[in-house]
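Remarks on the structure that follows.
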Amino acid sequence: MNHKASLELRSPLFEDIVEREGEVGVFKTFVAGSWVLTDSLAVVKSPIDGSIIAKVSRLDAGAIEKGVDVVYRLGRRRIRDIPGEKRLNILSRIADLLEKNAGDFEEVLIVNAGKTRKQAAGEVEASIDRLRKAALDLRKLQGEYVPGDWDRHTLESEGIVRREPYGVVLAIIPFNYPLFDTVNKFVYSTIPGNAFIVKPPSADPLPVIMFARLAIEAGFPPESLMVATLKGSEAERLVADRRISVISLTGSSETGVKVMQSAGIKQLIMELGGGDPAIVLADADLKSAASKIATGITSYAGQRCDAIKLVLVEEPVYSEMKKLLVEELSKVKVGDPRSESTTMGPLIDKEAVDAMVEAIEEAVSKGAKLLYGGERIGDTYITPALVEVEDKSILKELKLYKDEVFAPVALITSFSTLDEAVELANGRRYGLDAAIFGESMARIRKLIRFLEVGAIYINEYPRHGIGYYPFGGRKDSGIGREGIGYSIEYVTALKTIVYNYRGRGIWEYL
Ligand code: NAP
């Protein structure tokens with residue numbers, strides 16, 4: 001397949017938010033009640049072949065200020081004044097609209113994010129599912145009753161601790177799950193009644209803008225929503241804005257540090273960099289482990305926070321595991337994601353492939369061995385790679401170990417004791433997830449106890465899915481949890497109300 005990448009949306013829903021400029025559509029953005037077309041346009045390219053597929057209206061500082069003002073003054077109240085049941089109905093209508101327009105969303109994820117059709121369909125389906133599971137978040141919106149009679153100073157009073165929305169949540173979205181991540185943050189922010197400002201990723205902002213169109217169509221209060229199309233490097237003022245109470249960022253650890261420095265005192269959810277270790281024990285089903293680890297390395301070209309980046313194999317099965325893993329990696333079909341036979345598409349841009357090539361070269365120059373792959377095929381395509389480290393004294397020096405190289409590449413090495421495996425896994429600065437393959441429960445339990453991560457997958461590669469099981473990191477991987485029900489804690493404030501019956505006396509009848 002080699003025809004030029006271009007974007008064609010079929011649904012009439014998107015007609016009024018896209019103006020035509022020759023072959024390329026110019027997207028408006030949504031600012032607290034109106035769709036706006038600006039003079040400053042950002043070019044959006046396809047990772048498939050670098051073609052320009054759209055332009056997007058970018059907001060300047062003045063437009064952002066006006067938008068935040070409306071969201072804060074009006075939007076914050078509008079969403080909160082809608083009864084919970086009706087908010088839930090709006091989310092359900094968005095799910096229906098997403099299902100109806102799934103084809104357009106799949107198309108945009110293929111052309112703008114470079115996903116294969118299966119991956120694009122998976123992201124759309126996960127987004128619909130997340131919207132439909134919003135009712136499960138409600139269960140965490142409940143508060144507590146605190147009796148006063150256990151303290152002599154509060155004998156005549158009692159307290160209620162309730163959760164209420166903070167006001168305005170700013171969601172900052174990464175390029176790898178532009179639709180799902182927007183939907184997930186939107187659901188847990190708005191279900192308790194927060195207004196929502198979303199900053200889309202510059203590489204693939206289109207799914208975010210299209211989602212806003214559905215939300216408005218479904219009856220979401222327009223003043224309570226804004227799509228802040230601006231560059232991350234210019235977002236400092238927005239991040240620092242005191243009218244925003246919560247920031248939910250999914251992005252790299254480096255961006256996390258910058259956002260924390262600018263944010264000031266705010267509630268934060270930081271879903272940051274990762275790249276996970278997979279530990280293979282001697283009693284593991286090696287064939288199954290190899291197949292799952294290969295998927296963990298290559299799914300969406302390794303551009304996942306929960307991608308496997310370090311494979312640690314117990315010595316007796318090391319050679320066999322290495323062989324099986326190379327066999328599995330060699331089955332991956334790299335190519336144009338529009339082709340049905342492709343299982344791994346392009347990386348998001350040329351720089352991502354450059355970074356992978358450079359990291360492999362650095363590892364080899366320090367004594368590691370390229371066991372498989374790493375073959376560049378054009379600007380944005382590369383075969384998945386496995387890099388072996390025999391001399392463990394160099395492991396911690398390698399960029400592939402120290403940093404998150406956001407590409408389909410993993411290191412492989414052996415270990416002789418569980419303590420060594422734990423030490424090598426915990427030695428990275430990240431602590432998002434880990435995978436363990438094996439049978440002995442006693443040994444698995446020891447690993448579970450000592451791994452410094454947010455989630456552990458046994459006999460499975462790490463995959464966060466829709467957050468039915470909560471996920472989130474430790475160390476440089478972040479703060480807080482994303483997961484159905486679990487994120488409510490971060491977007492709501494506790495308020496304690498104390499009722500004093502002194503005088504009338506709740507204990508008087510005794
Ligand atoms: P990124 O470069 O950190 O960008 C993420 C978002 O932050 C983008 O919208 C970006 O805007 C914005 N941004 C950049 N600098 C900013 C700043 N100074 N202030 C405010 N916003 C700023 O990450 P990415 O390459 O898009 O995504 C991949 C990263 O996300 C990986 O590290 C991956 O592990 C992580 N991730 C983590 C999870 C998790 O659950 N822990 C899930 C998915 C992804 P621009 O696009 O305009 O630069």
Side-chain angles (χ1 to χ4, degrees), residues 42-45 47 56 58-59 64 112-114 123 126 170-182 184-185 197-209 227-241 244 247-264 266 268-276 299-309 347-349 351-352 355 403-407 428-433 453-455 462-467 469-483 486-487:
V43 164
V44 181
K45 290 183 180 171
V56 161
R58 201 161 245 175
L59 299 178
I64 291 194
N112 195 184
E123 184 168 349
L170 169 63
I172 305 179
I173 309 296
F175 80 82
N176 61 344
Y177 290 97
L179 176 65
F180 175 77
D181 208 48
T182 302
N184 187 32
K185 292 183 193 311
I197 299 177
V198 54
K199 191 215 112 29
S202 294
D204 49 7
L206 306 179
V208 184
I209 299 173
V227 183
T229 42
L230 79 168
K231 279 193 214 158
S233 54
E234 292 166 6
E236 194 178 332
R237 202 162 141 195
L238 179 64
V239 165
D241 197 301
I244 290 165
I247 297 182
S248 175
L249 162 73
T250 300
S252 63
S253 305
E254 290 67 27
T255 299
V257 170
K258 286 186 197 148
V259 167
M260 287 181 80
Q261 279 164 349
S262 328
K266 287 190 174 69
L268 298 173
I269 304 179
M270 297 269 141
E271 296 296 341
L272 307 178
D276 298 335
S299 178
Y300 190 37
Q303 303 172 113
R304 295 166 28 253
C305 53
D306 49 4
I308 292 175
K309 302 283 183 213
L347 269 69
I348 194 69
D349 52 28
E351 290 69 31
D403 296 333
E404 181 191 36
V405 176
F406 216 50
R428 295 186 76 231
R429 64 185 169 107
Y430 304 101
L432 192 57
D433 328 279
V453 293
R463 41 169 155 182
H464 294 165
I466 64 165
Y469 299 127
F471 59 87
R474 285 158 72 163
K475 305 195 290 189
D476 279 8
S477 292
I479 302 170
R481 288 291 174 272
E482 286 204 323
Y486 285 82
S487 307

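Note that ligands are numbered from 1 as they come in the structure, with each ligand's atoms numbered from 1 the same way.
- Heavy-atom contacts of G273 reach the following atoms of ligand 1: 32 (O), 34 (O) (cutoff under 4.0 Å).
- The protein heavy-atom contact nearest to atom 38 (C) of ligand 1 is C305 SG, 3.0 Å.
- Residue, atom and distance of the protein heavy atom nearest to atom 23 (O) of ligand 1 are S252 N, 3.6 Å.
- The backbone N or O of E271 lies less than 3.5 Å from no partner atom in the side chain of E482, so there is not a single donor-acceptor pair.
- Judged by distance alone, the side chain of S253 and the main-chain N or O of D476 form a donor-acceptor pair under 3.5 Å.
- Using a non-hydrogen distance threshold of 4.0 Å, P200 registers as a contact of ligand 1.
- Ligand 1 is approached by F471 to a heavy-atom distance shorter than 4.0 Å.
- When non-hydrogen atoms are compared, ligand 1 lies under 4.0 Å from neither the backbone nor the side chain of Y177.
- Set against the non-hydrogen atoms of K199, the atoms of ligand 1 under 4.0 Å away are 9 (O), 10 (C), 11 (O), 12 (C), 45 (P), 47 (O).
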Chi angles and distances behind the side-chain contact (heavy atoms from CB on, under 4.5 Å) call for I173, K199: CA-CA 6 Å; I173 309 296; K199 191 215 112 29; over 6 Å; no

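- For the pair L272 and ligand 1, the shortest N or O to N or O distance falls below 3.5 Å.
- Using a non-hydrogen distance threshold of 4.0 Å, P201 registers as a contact of ligand 1.
- Taking atom 27 (O) of ligand 1 as the reference point, the nearest protein heavy-atom neighbour is P174 CB, 3.4 Å.
- Counting the atoms of ligand 1 from 1 in the order shown, those under 4.0 Å from a heavy atom of T250 are 5 (C), 36 (N), 37 (C), 38 (C), 42 (C), 43 (C), 44 (C).
- F175 CD2, 3.7 Å is the protein heavy atom nearest to atom 24 (P) of ligand 1.
- Residue S202 approaches ligand 1 through these ligand atoms, each under 4.0 Å from one of its heavy atoms: 45 (P), 46 (O), 47 (O).
- Between F175 and F406, the ring planes lie perpendicular to each other; the angle is over 60°, past the 30° to 60° tilted range.
- Those atoms of ligand 1 that come under 4.0 Å of a heavy atom in V259, given as number and element, are 19 (N), 20 (C).
- Here the protein heavy atom with the shortest distance to atom 2 (O) of ligand 1 is T255 OG1, 4.0 Å.
- T250 and K185 form a side-chain donor-acceptor contact under 3.5 Å, judged by distance and modelled atom types alone.
- The K231 neighbourhood of ligand 1 comprises atoms 47 (O), with distances under 4.0 Å to a heavy atom of that residue.
- Atoms of ligand 1 found under 4.0 Å from any heavy atom of G274 (numbered from 1 in listed order, with element): 34 (O).
- Of the possible donor and acceptor atoms, none in the side chain of K258 sits under 3.5 Å from a partner among the backbone N and O of E236.
- Looking only at protein heavy atoms, the nearest one to atom 9 (O) of ligand 1 is I173 O, 2.7 Å.
- Every atom of ligand 1 is numbered from 1 in the order shown, and the set under 4.0 Å from a heavy atom of E404 is 31 (C), 32 (O), 33 (C), 34 (O).
- Panel note: side chain R428, backbone G275; a donor-acceptor pair is recorded below 3.5 Å.
- A salt bridge links D403 with R429: the closest approach of a Lys/Arg side-chain nitrogen to an acidic carboxylate oxygen falls below 4.0 angstrom.
- Counting protein heavy atoms only, atom 18 (N) of ligand 1 is closest to G232 O, 3.5 Å.
- Proximity of T229 to P200: side-chain heavy atoms (C-beta onward) are separated by under 4.5 Å at one or more points.
- Nearest heavy atoms, E404 versus G273: OE1-CA, 3.5 Å.
- V259 pairs in a side chain to side chain contact (heavy atoms under 4.5 Å, CB included) with only one of the listed residues (L170, L272, I247), which is I247.
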Go through it in stages, so that I can follow the logic: the residues are L230 and I64, the test is side-chain contact (heavy atoms from CB on, under 4.5 Å), and I'd like the CA-CA distance, side-chain angles, deciding distance and then a yes or no. CA-CA 9 Å; L230 79 168; I64 291 194; 3.5 Å; yes

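- Looking only at distances, a side-chain donor or acceptor of D276 sits under 3.5 Å from a matching main-chain atom of D433.
- If you check which protein heavy atom lies closest to atom 35 (C) of ligand 1, you get G251 O, 3.2 Å.
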